[in-house]
Amino acid sequence: MPNWREVLEEISNVSRQGSPLDIVRRKYLKAINRHTGRNVIAYYSGFLQRPNSYDSTVNDKDISGFMLNINKLNRKKGLDLILHTPGGDLTATESLVDYLKSMFGKDIRAIVPQISMSAGTIIALSCKELVMGKHSNLGPIDPQMGNMPCQAILSEFERARKEIHSDPKNAALWQFILSKYHPTLLSSCKHAVDMSEQLVYQWLLDNMCAGDKIKTKKIVDYFSKHDDQKTHARHISAKQCMDIGVKVTELEDDDKLQDLVLTTHHAFMHSFANSTALKIIENHNGLSFIEQLPIPLSVK
């Protein structure tokens, strides 16, 4: 398997044939397709290189990228969806998963070379199975509101209720603490938590868990409970996923696929490090949808 440095050298060597970053990425995506015989779409975010950018997260613009990539594919061959994302908007995630299911049915496999967090985990759990390496991670699915965990906000209000009920003198302190929250925040948080858990429960039940309600609930509870995971940034390994019943094929079981997936991952990381790309949605036929950093307008 070419390592990080060797992939960079290959990019340098093909610079005369066109965009070297594009050529090398597409070469390895095509190689994965030839190895598996399945359609391949990479959904890659440059969030590690450019954190806090909205366009690097899951959002409603992504559906256009997937429509472009899926057009003219032989959908009978299923889909291997390579995920590298910090997550993003829950409603955009619902729309995206619904669209992918309408195109490929249940025959979607998620491949996670490194990280697929939050809404990215939701997308992964909607698939029939995951392919993860020892270095791969998913994350909790508890929704956030203003970068604050919804479940933590609900817990804080519940704690306030109990402490005021036990001793009314606590009301003054809690009034100061809770005054930072908007009056509608509680219901918004409750709706977001319910929506997240309901979507994942139904998608798991219909596909990966094949109607097993006990296994489905165990997986949803594990990924959704903020009090257990402690932080939304928690990294959940392939072994932890397998221990709770997530259907995971270990990337190391297929040496050839492991080499191809990790080399592809290196190629995407070099693309973000050496371009203005924020997100790349790309298939094995070389079709790409690329979100770029906005170019500031000059004022003269």
Side-chain angles (χ1 to χ4, degrees), residues 1-15 17-49 69 73-74 77-86 104 107-117 120-121 123-124 127-139 235-242 246-275 277 279-288 290:
M1 176 187 72
N3 61 31
W4 178 277
R5 180 183 57 79
E6 290 166 340
V7 172
L8 186 58
E9 289 176 355
E10 183 174 356
I11 290 170
S12 300
N13 291 335
V14 299
S15 60
Q17 304 171 31
S19 170
L21 297 170
D22 294 345
I23 291 169
V24 172
R25 281 198 323 272
R26 292 165 185 170
K27 169 186 171 181
Y28 289 105
L29 283 174
K30 188 64 178 178
I32 294 175
N33 160 256
R34 287 172 177 156
H35 178 68
T36 64
R38 295 170 59 79
N39 294 305
V40 181
I41 297 179
Y43 179 64
Y44 259 80
S45 166
F47 71 100
L48 295 177
Q49 292 78 11
N69 275 261
L73 292 182
N74 181 353
K77 294 184 177 182
L79 175 65
D80 280 346
L81 180 61
I82 306 177
L83 293 169
H84 182 76
T85 174
F104 297 97
D107 192 10
I108 305 173
R109 181 171 67 162
I111 300 176
V112 182
Q114 184 181 357
I115 303 174
S116 187
M117 302 291 282
T121 294
I123 295 171
C127 299
K128 68 175 184 179
E129 67 174 309
L130 283 69
V131 178
M132 300 175 68
K134 290 180 170 57
H135 48 276
S136 306
N137 290 279
L138 301 183
H235 286 35
I236 299 171
S237 70
K239 182 180 184 305
Q240 290 170 300
C241 290
M242 288 187 282
V246 176
K247 188 175 181 181
V248 176
T249 296
E250 294 182 85
L251 186 59
E252 294 80 8
D253 289 348
D254 184 335
D255 290 341
K256 180 66 173 177
L257 182 62
Q258 180 186 30
D259 285 352
L260 293 173
V261 167
L262 295 184
T263 304
T264 300
H265 180 70
H266 294 331
F268 272 91
M269 293 297 98
H270 283 306
S271 293
F272 290 122
N274 295 282
S275 74
K279 182 188 294 173
I280 303 173
I281 306 173
E282 190 165 55
N283 71 17
H284 63 272
N285 290 328
L287 274 174
S288 301
I290 302 177

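The shown structure was predicted, so the numbers you read here are calculated from the model rather than taken from an experiment.
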A.B. asks: Please say which of Thr249, Val261, Val40, Thr264 ends up in a side-chain contact (heavy atoms from CB on, under 4.5 Å) with Ile111.
C.D. replies: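 Single side-chain contact (heavy atoms from CB on, under 4.5 Å) partner of Ile111 among Thr249, Val261, Val40, Thr264: Val261.
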
A.B. asks: With side chain to side chain contact (heavy atoms under 4.5 Å, CB included) as the criterion, how do Phe272 and Ile280 come out once you've worked through the C-alpha distance, each side chain's angles and the decisive distance to 0.1 Å?
C.D. replies: CA-CA 9 Å; Phe272 290 122; Ile280 303 173; 4.0 Å; yes

A.B. asks: Does a side-chain heavy-atom distance below 4.5 Å link Val246 with Met132?
C.D. replies: no

A.B. asks: Quick one: salt bridge (charged side-chain N to carboxylate O under 4.0 Å, His left out) partners of Lys239, sequence neighbours excluded?
C.D. replies: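 Expected list: Asp243.
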
A.B. asks: Start with the C-alpha distance between Thr121 and Ile236, add both sets of side-chain angles, then the distance that settles side chain to side chain contact (heavy atoms under 4.5 Å, CB included), and finish with yes or no.
C.D. replies: CA-CA 10 Å; Thr121 294; Ile236 299 171; over 6 Å; no

A.B. asks: Checking side-chain contact (heavy atoms from CB on, under 4.5 Å) between Ile41 and each of Ile82, Leu287, Asn283, which is the one that passes?
C.D. replies: Asn283

A.B. asks: So which heavy atom on Leu138 is nearest to which on Cys241, and how close?
C.D. replies: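 In this case the closest contact between Leu138 and Cys241 is CD1-SG, 3.8 Å.
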
A.B. asks: Under the 3.5 angstrom rule, does the side chain of Ser288 hit a backbone N or O of Glu282 as a donor-acceptor pair?
C.D. replies: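 Checking the backbone N and O of Glu282 against the side chain of Ser288, no donor-acceptor pair under 3.5 Å is found.
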
A.B. asks: Relative to the ring of His265, is the ring of Tyr44 parallel (under 30°), tilted (30 to 60°) or perpendicular (over 60°)?
C.D. replies: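 If you compare the ring of Tyr44 with that of His265, the planes turn out tilted.
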
A.B. asks: Can you tell me how far CG of Leu262 sits from OH of Tyr28, rounded to the nearest 0.5 angstrom?
C.D. replies: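 With rounding to 0.5 Å, OH (Tyr28) is 12.0 Å from CG (Leu262).
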
A.B. asks: Search all heavy atoms of Leu83 against all heavy atoms of Gly120 and return the closest pair with its distance.
C.D. replies: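 So the two residues come closest at CD1-O, 3.9 Å.
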
A.B. asks: I need the minimum non-hydrogen distance between Ser271 and Arg25, along with the two atoms involved.
C.D. replies: OG-NH1, 2.9 Å

A.B. asks: If you look only at pairs with a residue in residues 29-40, which of them pass as a salt bridge (Lys or Arg N to Asp or Glu O under 4.0 Å), with sequence neighbours excluded?
C.D. replies: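 Qualifying pairs: Arg38-Asp80, Arg38-Asp107.
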
A.B. asks: What is the minimum heavy-atom distance between Phe104 and Asn39, and which atoms define it?
C.D. replies: CE2-ND2, 3.7 Å

A.B. asks: Can you tell which of Leu130, Val131, Leu81, Leu79 makes a side-chain contact (heavy atoms from CB on, under 4.5 Å) with Arg109?
C.D. replies: Val131

A.B. asks: Roughly how far, to the nearest 0.5 Å, is CG of Leu29 from CZ of Phe268?
C.D. replies: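 It comes to 4.5 Å.
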
A.B. asks: Quick check: does any side chain N or O of Asn69 sit under 3.5 Å from a backbone N or O of Ile281, one acting as donor and the other as acceptor?
C.D. replies: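 At least one qualifying donor-acceptor pair exists.
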
A.B. asks: Tell me if a side-chain donor or acceptor on His284 pairs with a main-chain N or O of Ala31 at a distance below 3.5 Å.
C.D. replies: no

A.B. asks: Working to the nearest 0.5 Å, report the span between OG of Ser19 and CZ of Arg26.
C.D. replies: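 Nearest 0.5 Å value for the OG-CZ distance: 7.0 Å.
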
A.B. asks: Could you go step by step and tell me if Lys279 and Tyr43 meet the side chain to side chain contact (heavy atoms under 4.5 Å, CB included) rule?
C.D. replies: CA-CA 8 Å; Lys279 182 188 294 173; Tyr43 179 64; 3.8 Å; yes

A.B. asks: Say you draw a straight line from OG of Ser275 to NE2 of His270; how long is it, rounded to the nearest 0.5 Å?
C.D. replies: 12.0 Å

A.B. asks: In Å, rounded to the nearest 0.5 Å, how long is the span from NE2 of His235 to CG of Asn137?
C.D. replies: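 These two atoms lie 5.0 Å from each other.
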
A.B. asks: Go through it in stages, so that I can follow the logic: the residues are Met269 and His84, the test is side chain to side chain contact (heavy atoms under 4.5 Å, CB included), and I'd like the CA-CA distance, side-chain angles, deciding distance and then a yes or no.
C.D. replies: CA-CA 10 Å; Met269 293 297 98; His84 182 76; 3.7 Å; yes

A.B. asks: Which residues pass the salt bridge (charged side-chain N to carboxylate O under 4.0 Å, His left out) test with Lys256, not counting sequence neighbours?
C.D. replies: none

A.B. asks: Can you tell me how far the CG atom of Leu251 sits from the OG atom of Ser136, to the nearest 0.5 Å?
C.D. replies: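 Rounded to the nearest 0.5 Å, the CG-OG separation comes to 6.5 Å.
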
